[in-house]
Trainee: 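Please find one structure pasted underneath; my questions will follow.
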Amino acid sequence: MDDCIFCKIVKGEIPCSKVYEDNHVIAFLDIAPASKGHTLIVPKEHYEIIPNVPNALLEKTIDVVKKIGCALLKENDGFNVMQNNRKAAEQLVPHVHFHVIPRNNGDGLDVAKWKSSKYAEGEMEEMLAKLKDNMR
Ligand code: AMP
Ligand code: ZN
């Protein structure tokens, strides 16, 4: 992907604050962090969204998510892992990546908050049937 910013980072064409790199995965600091240490973990090969990524590569990517999370826990109380698929889910960079966001007690960050909704009568069963059907 010639115009993909993360592919350019992978190729070294634009700089990044690199935290980790191996043959398949790179991790670097997010330039606009939700909190200090916010890291992006990116498979080097270009795939747009999770369903496109081969399982073996996804596993290697998650290994790095785990490594970064472990490191961040030495200095922070917790962390969130976020991963957005497609514009509707607020994916801005169309190259699969995981956000690892350091959290601390009382930091008041809004990253993992959503307004809860409710199922109408029968809607949950309908949803369940549809989802199970679509998994076939
Ligand atoms: P998303 O909305 O999940 O696609 O998030 C994309 C993230 O990439 C945002 O948090 C941006 O701040 C971050 N980002 C965009 N360009 C760069 C860059 N050149 N270096 C580091 N992070 C970047
Ligand atoms: Zn890319």
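Position 1 is the first residue of the sequence; numbering continues from there. These numbers were taken from a predicted model, which means no experiment stands behind them. First listed ligand is number 1; within each ligand, the first listed atom is number 1.
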Trainee: Within the structure, is a non-hydrogen atom of Gln83 found at a distance of less than 4.0 Å from ligand 1?
Mentor: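 In this structure, Gln83 fails to qualify as a contact of ligand 1 - no heavy atom is under 4.0 Å.
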Trainee: Indicate yes or no: does an N/O atom of Phe28 lie under 3.5 Å from an N/O atom of ligand 1?
Mentor: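 No; every N/O pair is 3.5 Å or more apart.
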Trainee: Which is it for Phe6 and ligand 1 at heavy atoms under 4.0 Å: side chain, backbone, both or neither?
Mentor: side chain
Trainee: Considering only non-hydrogen protein atoms, determine which one is nearest to atom 4 (O) of ligand 1 and report residue, atom name and distance to 0.1 Å.
Mentor: Leu92 N, 2.7 Å
Trainee: Could you tell me the angle subtended at the Zn ion (ligand 2) by ND1 of His46 and ND1 of His95, rounded to 10°?
Mentor: 100°
Trainee: If you have a sec, read the angle at the Zn ion (ligand 2) from Cys7 atom SG over to Cys4 atom SG, to 10 degrees.
Mentor: 120°
Trainee: Shortest non-hydrogen contact from Pro102 to Asp107?
Mentor: O-OD2, 4.4 Å
Trainee: On a heavy-atom basis, which atom in Ile41 and which in Pro43 lie closest, and how many Å separate them?
Mentor: O-CD, 4.2 Å
Trainee: Could you name the option among Leu29, Asn84, Ile31 that has the heavy atom nearest to atom 14 (N) of ligand 1?
Mentor: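 Nearest heavy atom to atom 14 (N) of ligand 1 lies in Ile31.
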Trainee: Heavy atoms only: give me the nearest Glu21-Lys44 pair and the separation to one decimal.
Mentor: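 So the minimum-distance heavy-atom pair works out to OE2-NZ, 2.8 Å.
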Trainee: Keeping the roles fixed (side chain from Asp77, backbone from Asn105), state whether a donor-acceptor pair exists under 3.5 Å.
Mentor: yes
Trainee: Which of the numbered atoms in ligand 1 are below 4.0 angstrom from a heavy atom of His99?
Mentor: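 With His99 as reference, the close atoms of ligand 1 come out as 1 (P), 3 (O), 5 (O), 7 (C), 10 (O).
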Trainee: List the closest protein heavy-atom neighbour of atom 7 (C) of ligand 1: residue, atom name, distance to the nearest 0.1 Å.
Mentor: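 Looking at atom 7 (C) of ligand 1, the protein heavy atom closest to it is Asp30 OD2, 3.5 Å.
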Trainee: If the cut-off is 4.0 Å to any non-hydrogen atom of Ala32, which atoms of ligand 1 fall inside it?
Mentor: 12 (O)
Trainee: Could you tell me which non-hydrogen atom of Glu48 sits nearest to which non-hydrogen atom of Gln91, and how far apart they are?
Mentor: O-NE2, 3.0 Å
Trainee: Would you mind listing which atoms of ligand 1 come within a distance below 4.0 Å of any non-hydrogen atom of Leu40?
Mentor: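 What qualifies from ligand 1 is 8 (O), 13 (C), 22 (N).
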Trainee: Is there a ring-ring contact (aromatic ring centres under 6.0 Å, His included) between His97 and His99? Walk through the geometry before answering.
Mentor: CA-CA 7 Å; His97 54 281; His99 296 256; 5.1 Å; yes
Trainee: Tell me if a side-chain donor or acceptor on Glu59 pairs with a main-chain N or O of Ala56 at a distance below 3.5 Å.
Mentor: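 Looks like no, no N/O pair under 3.5 Å.
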Trainee: Looking only at heavy atoms, what is the nearest atom pair of Gly37 and Leu29, with distance?
Mentor: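 Taking Gly37 first and Leu29 second, the nearest heavy atoms are O-CD2, 4.0 Å.
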Trainee: How close does the nearest protein non-hydrogen atom get to atom 6 (C) of ligand 1, and which residue and atom is it?
Mentor: His97 NE2, 3.6 Å
Trainee: Considering only the protein, which heavy-atom contact is closest to atom 2 (O) of ligand 1, and what is its distance?
Mentor: Glu90 O, 2.8 Å
Trainee: So, taking the atom named CD in Glu13 and the one named SG in Cys7, what distance separates them when rounded to the nearest 0.5 Å?
Mentor: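 Here the rounded value is 9.0 Å.
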